[in-house]
Amino acid sequence: MTDIAAVKAALAGQRIETPSWGYGNSGTRFKVFAQAGVPRTPWEKLDDAAKVHEFTGAAPTVALHIPWDRVDDYAALASYAKERGLKLGTINSNTFQDDDYKLGSVCHPDAAVRRKALDHLLECVDIMDATGSKDLKLWFADGTNYPGQDDVRERQDRLAEGLANVYERLGDDQRLLLEYKFFEPAFYTTDVPDWGTAYAHCLKLGDRAQVVVDTGHHAPGTNIEFIVATLLREGKLGAFDFNSRFYADDDLMAGAADPFQLFRIMYEVIRGGGFTPDVAFMLDQCHNIEAKIPAIIRSVMNVQEATAKALLVDRAALTAAQRSGDVLTANAVLMDAYNTDVRPLLGEVREELGLDADPVAAYHRSGWAAKIAEERAGGQQAGWGA
(Lines give C-alpha, C1' and ligand atoms only; values in the text may rest on other atoms or scores of the structure.)
Protein backbone atom coordinates (compact mmCIF):
# COMPACT_ATOMS: atom_id res chain seq x y z
CA MET A 1 0.00 0.00 0.00
CA THR A 2 1.16 3.54 -0.75
CA ASP A 3 1.74 5.90 2.18
CA ILE A 4 -0.36 8.93 1.15
CA ALA A 5 1.11 11.11 3.89
CA ALA A 6 4.59 10.41 2.55
CA VAL A 7 3.44 11.14 -1.00
CA LYS A 8 1.98 14.48 0.08
CA ALA A 9 5.15 15.38 1.96
CA ALA A 10 7.26 14.61 -1.11
CA LEU A 11 5.02 16.71 -3.34
CA ALA A 12 5.06 19.60 -0.88
CA GLY A 13 8.85 19.65 -1.10
CA GLN A 14 9.17 19.42 -4.87
CA ARG A 15 10.99 22.31 -6.55
CA ILE A 16 10.91 23.19 -10.26
CA GLU A 17 13.12 25.90 -11.75
CA THR A 18 11.58 28.23 -14.30
CA PRO A 19 13.49 29.75 -17.26
CA SER A 20 13.87 33.50 -17.56
CA TRP A 21 13.52 33.23 -21.34
CA GLY A 22 10.15 31.53 -20.95
CA TYR A 23 8.71 34.87 -19.85
CA GLY A 24 9.92 36.67 -22.99
CA ASN A 25 8.80 36.70 -26.60
CA SER A 26 9.75 33.70 -28.71
CA GLY A 27 8.73 31.95 -31.87
CA THR A 28 9.87 29.85 -34.78
CA ARG A 29 12.55 30.64 -37.33
CA PHE A 30 9.79 32.41 -39.27
CA LYS A 31 8.23 34.78 -36.77
CA VAL A 32 8.18 35.92 -33.16
CA PHE A 33 4.77 37.07 -31.97
CA ALA A 34 4.87 39.86 -29.39
CA GLN A 35 2.45 39.82 -26.46
CA ALA A 36 1.24 42.61 -24.21
CA GLY A 37 2.91 42.78 -20.82
CA VAL A 38 6.02 40.79 -21.75
CA PRO A 39 9.03 41.73 -19.55
CA ARG A 40 11.52 44.23 -20.89
CA THR A 41 14.31 43.55 -18.40
CA PRO A 42 15.63 40.70 -16.24
CA TRP A 43 14.09 42.49 -13.27
CA GLU A 44 10.62 42.28 -14.79
CA LYS A 45 11.19 38.63 -15.63
CA LEU A 46 11.79 38.03 -11.93
CA ASP A 47 8.57 39.86 -11.11
CA ASP A 48 6.69 37.38 -13.31
CA ALA A 49 8.60 34.40 -11.92
CA ALA A 50 7.61 35.51 -8.43
CA LYS A 51 3.98 35.21 -9.47
CA VAL A 52 4.51 31.64 -10.66
CA HIS A 53 6.05 30.76 -7.30
CA GLU A 54 3.34 32.66 -5.42
CA PHE A 55 0.57 30.55 -6.93
CA THR A 56 2.35 27.18 -7.21
CA GLY A 57 4.62 27.25 -4.17
CA ALA A 58 7.02 25.05 -6.15
CA ALA A 59 9.12 27.40 -8.31
CA PRO A 60 11.52 29.36 -6.07
CA THR A 61 14.47 29.51 -8.50
CA VAL A 62 14.91 31.15 -11.88
CA ALA A 63 17.49 30.17 -14.50
CA LEU A 64 19.32 33.00 -16.26
CA HIS A 65 20.59 33.05 -19.85
CA ILE A 66 23.64 35.10 -20.71
CA PRO A 67 23.73 37.48 -22.57
CA TRP A 68 19.91 37.64 -22.69
CA ASP A 69 19.87 38.47 -18.96
CA ARG A 70 23.06 40.51 -18.78
CA VAL A 71 23.01 43.28 -16.15
CA ASP A 72 25.65 45.56 -14.67
CA ASP A 73 25.28 44.23 -11.12
CA TYR A 74 24.46 40.54 -10.69
CA ALA A 75 24.62 40.68 -6.92
CA ALA A 76 21.94 43.37 -7.02
CA LEU A 77 19.83 41.15 -9.29
CA ALA A 78 20.21 38.30 -6.80
CA SER A 79 19.10 40.62 -3.99
CA TYR A 80 16.10 41.70 -6.04
CA ALA A 81 15.18 38.04 -6.52
CA LYS A 82 15.51 37.37 -2.80
CA GLU A 83 13.17 40.27 -1.99
CA ARG A 84 10.56 38.51 -4.13
CA GLY A 85 10.99 35.13 -2.49
CA LEU A 86 13.22 33.77 -5.27
CA LYS A 87 16.79 32.69 -5.88
CA LEU A 88 18.80 32.86 -9.06
CA GLY A 89 19.45 29.34 -10.29
CA THR A 90 21.26 27.81 -13.22
CA ILE A 91 23.35 30.05 -15.44
CA ASN A 92 22.94 29.18 -19.13
CA SER A 93 25.61 30.15 -21.64
CA ASN A 94 25.06 31.26 -25.23
CA THR A 95 27.63 30.37 -27.88
CA PHE A 96 25.20 30.18 -30.79
CA GLN A 97 23.99 33.71 -31.58
CA ASP A 98 27.15 35.39 -32.76
CA ASP A 99 28.36 35.55 -36.36
CA ASP A 100 31.74 34.22 -35.26
CA TYR A 101 30.08 30.94 -34.30
CA LYS A 102 28.87 30.04 -37.78
CA LEU A 103 31.26 27.06 -37.87
CA GLY A 104 31.07 26.34 -34.16
CA SER A 105 32.21 27.78 -30.85
CA VAL A 106 34.41 25.62 -28.61
CA CYS A 107 34.75 23.18 -31.52
CA HIS A 108 35.50 25.84 -34.15
CA PRO A 109 38.58 25.21 -36.32
CA ASP A 110 39.88 28.74 -35.55
CA ALA A 111 41.63 29.00 -32.18
CA ALA A 112 40.64 32.67 -31.86
CA VAL A 113 36.95 31.81 -32.04
CA ARG A 114 37.43 28.99 -29.55
CA ARG A 115 39.11 31.47 -27.20
CA LYS A 116 36.18 33.87 -27.55
CA ALA A 117 33.71 31.10 -26.69
CA LEU A 118 35.79 29.97 -23.72
CA ASP A 119 36.01 33.53 -22.41
CA HIS A 120 32.22 33.71 -22.48
CA LEU A 121 31.90 30.44 -20.56
CA LEU A 122 34.37 31.67 -17.95
CA GLU A 123 32.38 34.91 -17.70
CA CYS A 124 29.34 32.76 -16.88
CA VAL A 125 31.25 31.21 -13.97
CA ASP A 126 32.08 34.72 -12.75
CA ILE A 127 28.36 35.46 -12.85
CA MET A 128 27.69 32.30 -10.84
CA ASP A 129 30.08 33.58 -8.19
CA ALA A 130 28.16 36.87 -8.02
CA THR A 131 24.68 35.33 -7.93
CA GLY A 132 25.40 32.33 -5.74
CA SER A 133 24.33 29.98 -8.52
CA LYS A 134 25.58 26.40 -8.26
CA ASP A 135 25.05 25.11 -11.81
CA LEU A 136 26.46 26.12 -15.19
CA LYS A 137 24.48 24.59 -18.04
CA LEU A 138 26.22 24.21 -21.38
CA TRP A 139 24.49 23.50 -24.66
CA PHE A 140 26.47 23.80 -27.86
CA ALA A 141 25.03 24.32 -31.32
CA ASP A 142 28.39 23.16 -32.70
CA GLY A 143 28.40 20.70 -35.57
CA THR A 144 28.76 20.42 -39.34
CA ASN A 145 26.39 20.39 -42.29
CA TYR A 146 28.46 18.47 -44.85
CA PRO A 147 30.71 15.41 -44.90
CA GLY A 148 34.32 16.53 -44.95
CA GLN A 149 33.50 20.00 -43.64
CA ASP A 150 35.72 19.47 -40.58
CA ASP A 151 37.55 16.70 -38.78
CA VAL A 152 35.03 14.95 -36.51
CA ARG A 153 37.61 13.62 -34.06
CA GLU A 154 39.49 16.90 -33.82
CA ARG A 155 36.24 18.63 -32.94
CA GLN A 156 35.83 16.24 -30.01
CA ASP A 157 39.39 17.07 -28.91
CA ARG A 158 38.61 20.79 -29.03
CA LEU A 159 35.41 20.22 -27.07
CA ALA A 160 37.24 18.25 -24.40
CA GLU A 161 39.87 20.97 -24.05
CA GLY A 162 37.27 23.70 -23.68
CA LEU A 163 35.23 21.76 -21.14
CA ALA A 164 38.35 20.99 -19.11
CA ASN A 165 39.21 24.69 -18.91
CA VAL A 166 35.73 25.56 -17.68
CA TYR A 167 35.67 22.68 -15.19
CA GLU A 168 38.98 23.79 -13.72
CA ARG A 169 37.54 27.27 -13.10
CA LEU A 170 34.51 26.01 -11.13
CA GLY A 171 34.31 26.42 -7.38
CA ASP A 172 34.13 23.38 -5.13
CA ASP A 173 30.35 23.71 -4.75
CA GLN A 174 29.63 24.42 -8.43
CA ARG A 175 28.70 21.96 -11.18
CA LEU A 176 29.04 21.78 -14.96
CA LEU A 177 25.88 20.41 -16.57
CA LEU A 178 26.34 19.26 -20.17
CA GLU A 179 23.30 19.09 -22.42
CA TYR A 180 22.98 17.12 -25.64
CA LYS A 181 20.82 17.41 -28.76
CA PHE A 182 20.82 15.01 -31.65
CA PHE A 183 20.41 17.57 -34.43
CA GLU A 184 19.71 21.24 -35.22
CA PRO A 185 21.13 23.64 -36.14
CA ALA A 186 23.83 21.32 -37.52
CA PHE A 187 22.43 18.66 -39.84
CA TYR A 188 25.31 16.27 -40.65
CA THR A 189 27.16 15.94 -37.35
CA THR A 190 26.41 17.45 -33.97
CA ASP A 191 29.31 17.64 -31.54
CA VAL A 192 27.25 16.66 -28.48
CA PRO A 193 24.47 14.62 -30.14
CA ASP A 194 23.47 12.13 -27.44
CA TRP A 195 23.67 11.15 -23.80
CA GLY A 196 26.61 8.82 -24.43
CA THR A 197 28.80 11.62 -25.78
CA ALA A 198 27.81 13.91 -22.93
CA TYR A 199 28.40 11.12 -20.41
CA ALA A 200 31.84 10.32 -21.82
CA HIS A 201 32.98 13.94 -21.52
CA CYS A 202 31.51 14.32 -18.02
CA LEU A 203 33.09 11.08 -16.86
CA LYS A 204 36.51 12.34 -17.93
CA LEU A 205 36.00 15.74 -16.30
CA GLY A 206 35.08 14.53 -12.82
CA ASP A 207 32.34 14.24 -10.22
CA ARG A 208 31.09 17.80 -10.62
CA ALA A 209 30.32 17.33 -14.31
CA GLN A 210 26.92 15.79 -15.00
CA VAL A 211 24.50 15.27 -17.87
CA VAL A 212 21.34 17.25 -18.59
CA VAL A 213 18.41 15.39 -20.13
CA ASP A 214 16.27 17.74 -22.22
CA THR A 215 13.08 15.80 -22.91
CA GLY A 216 12.72 17.42 -26.35
CA HIS A 217 16.22 16.52 -27.56
CA HIS A 218 15.70 12.96 -28.77
CA ALA A 219 14.84 11.18 -31.98
CA PRO A 220 11.27 9.84 -32.30
CA GLY A 221 10.80 6.62 -30.39
CA THR A 222 13.75 7.13 -28.06
CA ASN A 223 13.20 5.53 -24.66
CA ILE A 224 14.10 8.53 -22.51
CA GLU A 225 13.33 6.76 -19.25
CA PHE A 226 16.00 4.17 -20.07
CA ILE A 227 18.53 6.98 -20.45
CA VAL A 228 17.38 8.44 -17.13
CA ALA A 229 17.68 5.07 -15.37
CA THR A 230 21.17 4.51 -16.77
CA LEU A 231 22.48 7.95 -15.86
CA LEU A 232 21.07 7.62 -12.36
CA ARG A 233 22.70 4.21 -12.01
CA GLU A 234 26.03 5.79 -12.98
CA GLY A 235 25.56 8.82 -10.74
CA LYS A 236 25.72 11.18 -13.72
CA LEU A 237 22.22 12.63 -14.01
CA GLY A 238 22.49 16.28 -13.02
CA ALA A 239 19.33 17.91 -14.30
CA PHE A 240 16.29 17.86 -16.53
CA ASP A 241 15.06 20.41 -19.03
CA PHE A 242 11.36 19.60 -19.17
CA ASN A 243 9.37 20.38 -22.30
CA SER A 244 7.35 18.52 -24.94
CA ARG A 245 7.92 17.67 -28.60
CA PHE A 246 5.86 16.32 -31.45
CA TYR A 247 8.40 16.51 -34.28
CA ALA A 248 11.70 18.11 -33.29
CA ASP A 249 12.83 20.43 -30.52
CA ASP A 250 9.37 21.96 -30.22
CA ASP A 251 9.84 23.38 -26.69
CA LEU A 252 6.16 22.98 -25.91
CA MET A 253 4.78 22.91 -22.37
CA ALA A 254 6.00 19.98 -20.28
CA GLY A 255 3.58 17.07 -20.40
CA ALA A 256 1.58 18.52 -23.27
CA ALA A 257 2.55 16.07 -26.01
CA ASP A 258 2.99 12.82 -24.08
CA PRO A 259 2.03 12.95 -20.39
CA PHE A 260 2.50 9.17 -20.13
CA GLN A 261 6.16 9.58 -21.12
CA LEU A 262 6.63 12.22 -18.43
CA PHE A 263 5.10 9.83 -15.89
CA ARG A 264 7.44 7.03 -16.98
CA ILE A 265 10.43 9.34 -16.66
CA MET A 266 9.39 10.47 -13.20
CA TYR A 267 8.89 6.89 -12.08
CA GLU A 268 12.49 6.07 -13.03
CA VAL A 269 13.67 9.21 -11.23
CA ILE A 270 11.92 8.14 -8.04
CA ARG A 271 12.84 4.48 -8.38
CA GLY A 272 16.49 5.39 -9.05
CA GLY A 273 16.88 7.75 -6.09
CA GLY A 274 16.88 10.89 -8.23
CA PHE A 275 14.07 12.71 -6.43
CA THR A 276 16.56 14.85 -4.52
CA PRO A 277 18.05 18.36 -4.81
CA ASP A 278 21.02 16.77 -6.58
CA VAL A 279 18.88 16.37 -9.71
CA ALA A 280 17.58 19.77 -10.80
CA PHE A 281 14.10 19.88 -12.30
CA MET A 282 14.07 22.76 -14.76
CA LEU A 283 11.69 23.93 -17.46
CA ASP A 284 13.17 24.85 -20.84
CA GLN A 285 10.29 26.12 -22.93
CA CYS A 286 9.25 28.79 -25.38
CA HIS A 287 5.68 30.05 -25.33
CA ASN A 288 5.15 31.24 -28.86
CA ILE A 289 1.38 31.65 -29.07
CA GLU A 290 0.15 31.05 -25.51
CA ALA A 291 0.25 33.47 -22.59
CA LYS A 292 3.60 33.15 -20.83
CA ILE A 293 2.85 33.05 -17.13
CA PRO A 294 -0.20 30.74 -17.25
CA ALA A 295 1.77 28.40 -19.53
CA ILE A 296 4.61 28.18 -17.02
CA ILE A 297 2.19 27.65 -14.15
CA ARG A 298 0.50 24.88 -16.12
CA SER A 299 3.89 23.30 -16.89
CA VAL A 300 4.80 23.25 -13.21
CA MET A 301 1.45 21.61 -12.49
CA ASN A 302 2.01 19.03 -15.23
CA VAL A 303 5.35 18.02 -13.73
CA GLN A 304 3.71 17.84 -10.30
CA GLU A 305 0.93 15.61 -11.63
CA ALA A 306 3.38 13.23 -13.30
CA THR A 307 5.40 13.12 -10.08
CA ALA A 308 2.33 12.44 -7.96
CA LYS A 309 1.32 9.51 -10.17
CA ALA A 310 4.85 8.12 -10.06
CA LEU A 311 4.87 8.37 -6.27
CA LEU A 312 1.58 6.42 -6.16
CA VAL A 313 3.03 3.36 -7.90
CA ASP A 314 2.69 0.37 -5.56
CA ARG A 315 6.36 -0.56 -5.55
CA ALA A 316 5.88 -3.75 -3.53
CA ALA A 317 3.18 -5.05 -5.86
CA LEU A 318 5.22 -4.07 -8.90
CA THR A 319 8.35 -5.83 -7.62
CA ALA A 320 6.39 -8.97 -6.79
CA ALA A 321 4.86 -9.09 -10.27
CA GLN A 322 8.22 -8.45 -11.93
CA ARG A 323 10.01 -11.17 -9.99
CA SER A 324 7.28 -13.71 -10.70
CA GLY A 325 7.30 -12.87 -14.40
CA ASP A 326 3.69 -11.68 -14.31
CA VAL A 327 3.89 -9.30 -17.24
CA LEU A 328 0.28 -8.12 -17.29
CA THR A 329 0.04 -7.51 -13.55
CA ALA A 330 3.29 -5.54 -13.57
CA ASN A 331 2.01 -3.34 -16.37
CA ALA A 332 -1.35 -2.97 -14.64
CA VAL A 333 0.32 -1.70 -11.46
CA LEU A 334 1.96 1.10 -13.44
CA MET A 335 -1.23 1.86 -15.38
CA ASP A 336 -3.31 2.00 -12.20
CA ALA A 337 -1.05 4.73 -10.86
CA TYR A 338 -0.97 6.61 -14.17
CA ASN A 339 -4.76 6.51 -14.51
CA THR A 340 -5.27 7.95 -11.02
CA ASP A 341 -6.72 11.47 -10.99
CA VAL A 342 -4.17 13.19 -8.74
CA ARG A 343 -5.61 16.69 -9.07
CA PRO A 344 -7.60 16.44 -5.81
CA LEU A 345 -4.50 15.19 -4.00
CA LEU A 346 -2.39 18.06 -5.29
CA GLY A 347 -5.18 20.47 -4.42
CA GLU A 348 -4.99 19.23 -0.83
CA VAL A 349 -1.21 19.63 -0.81
CA ARG A 350 -1.51 23.23 -2.00
CA GLU A 351 -4.23 24.12 0.48
CA GLU A 352 -2.15 22.67 3.32
CA LEU A 353 0.63 25.01 2.18
CA GLY A 354 -1.77 27.96 2.29
CA LEU A 355 -2.16 28.12 -1.48
CA ASP A 356 -5.17 28.03 -3.77
CA ALA A 357 -5.96 24.51 -4.98
CA ASP A 358 -6.10 25.81 -8.57
CA PRO A 359 -3.00 27.95 -9.32
CA VAL A 360 -4.12 28.92 -12.83
CA ALA A 361 -7.49 30.20 -11.64
CA ALA A 362 -5.83 32.03 -8.77
CA TYR A 363 -3.45 33.74 -11.18
CA HIS A 364 -6.26 34.89 -13.45
CA ARG A 365 -8.14 36.31 -10.46
CA SER A 366 -5.04 38.22 -9.33
CA GLY A 367 -5.25 40.78 -12.13
CA TRP A 368 -1.49 40.55 -12.77
CA ALA A 369 -1.92 40.09 -16.54
CA ALA A 370 -3.89 43.34 -16.90
CA LYS A 371 -1.50 45.17 -14.58
CA ILE A 372 1.65 44.32 -16.54
CA ALA A 373 -0.03 44.93 -19.91
CA GLU A 374 -0.70 48.49 -18.79
CA GLU A 375 2.54 49.16 -16.93
CA ARG A 376 4.90 47.63 -19.49
CA ALA A 377 3.69 49.53 -22.52
CA GLY A 378 6.62 50.88 -24.53
CA GLY A 379 10.26 49.92 -24.45
CA GLN A 380 11.94 46.86 -25.91
CA GLN A 381 10.37 43.57 -24.91
CA ALA A 382 12.63 40.69 -23.96
CA GLY A 383 12.96 37.94 -26.54
CA TRP A 384 15.35 36.26 -28.90
CA GLY A 385 14.06 37.52 -32.22
CA ALA A 386 13.55 35.73 -35.53
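Sequential numbering from 1 along the given sequence is applied to the chain's residues. Note: hydrogens, waters and symmetry copies are ignored here, and every other heavy atom, side chains too, is used.
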Problem set entry | ILVMFWY cluster, Ile66 and Leu86 together (side-chain gap under 4.5 Å) | yes
Problem set entry | Thr222 side, atom OG1; Ile224 side, atom CD1 - distance, nearest 0.5 Å | 6.5 Å
For this session: Supply the atom-to-atom distance Ile296 CD1 to His53 NE2, rounded to the nearest 0.5 angstrom.
Result: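 Here the interatomic distance stands at 14.5 Å.
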Salt bridge between [X] and [Y], side-chain N to carboxylate O under 4.0 Å?
| X | Y | value |
| --- | --- | --- |
| Arg84 | Asp47 | yes |
| Glu374 | Lys371 | no |
| Asp48 | Lys292 | no |
| Asp151 | Arg153 | no |
| Glu123 | Arg70 | yes |

State, to 0.1 Å, how close [X] and [Y] come at their nearest heavy-atom pair, and which atoms those are.
| X | Y | value |
| --- | --- | --- |
| Trp368 | Arg376 | CZ2-NH2, 4.0 Å |
| Asn288 | Ser26 | OD1-OG, 2.8 Å |
| Ala117 | Tyr101 | CA-OH, 3.4 Å |
| Val106 | Arg158 | O-CB, 3.4 Å |
| His65 | Ser93 | CE1-O, 3.4 Å |
| Asp314 | Val333 | O-CG1, 3.6 Å |

Whether the [X] and [Y] side chains hold a donor-acceptor pair (N or O, under 3.5 Å, no angle test) is what I'd like checked.
| X | Y | value |
| --- | --- | --- |
| Tyr180 | Thr190 | no |
| Arg175 | Gln210 | yes |
| Asp150 | Thr144 | no |
| Gln97 | Asn94 | yes |
| Asn243 | Asp214 | yes |
| Asp284 | Trp21 | yes |
| Arg350 | Gln304 | yes |
| Gln285 | Asp241 | no |
| His217 | Asp249 | yes |

On the ring face of [Y], is [X] found with NZ or CZ under 6.0 Å from the centre and within 45° of the axis?
| X | Y | result |
| --- | --- | --- |
| Lys309 | Tyr338 | yes |
| Arg15 | Phe281 | no |
| Arg169 | Tyr167 | no |
| Arg365 | Tyr363 | no |

Problem set entry | Set of residues satisfying ring-ring contact (aromatic ring centres under 6.0 Å, His included) with respect to His201, sequence neighbours excluded | none
Under 3.5 Å: donor-acceptor pair, side chain of [X], backbone of [Y]:
| X | Y | answer |
| --- | --- | --- |
| Gln156 | Asp191 | yes |
| Gln381 | Gln35 | yes |
| Ser324 | Ala321 | yes |

For this session: Output all residues satisfying side chain to side chain donor-acceptor pair (under 3.5 Å) with Asn302, sequence neighbours left out; order by chain, then residue number.
Result: Arg298
For this session: Applying side-chain contact (heavy atoms from CB on, under 4.5 Å), run through Val269 and Phe240 and close with a yes or a no.
Result: CA-CA 10 Å; Val269 169; Phe240 282 97; 3.5 Å; yes
Exercise. When the ring planes of Tyr199 and Trp195 are compared, do they come out parallel, tilted or perpendicular, using 30° and 60° as the limits?
Worked result: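 Taking Trp195 first and then Tyr199, their aromatic rings sit tilted (interplane angle of 30° to 60°).
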For this session: May I have the step-by-step check of side-chain contact (heavy atoms from CB on, under 4.5 Å) for Arg155 and His108, ending in yes or no?
Result: CA-CA 7 Å; Arg155 292 181 73 89; His108 198 287; 6.0 Å; no
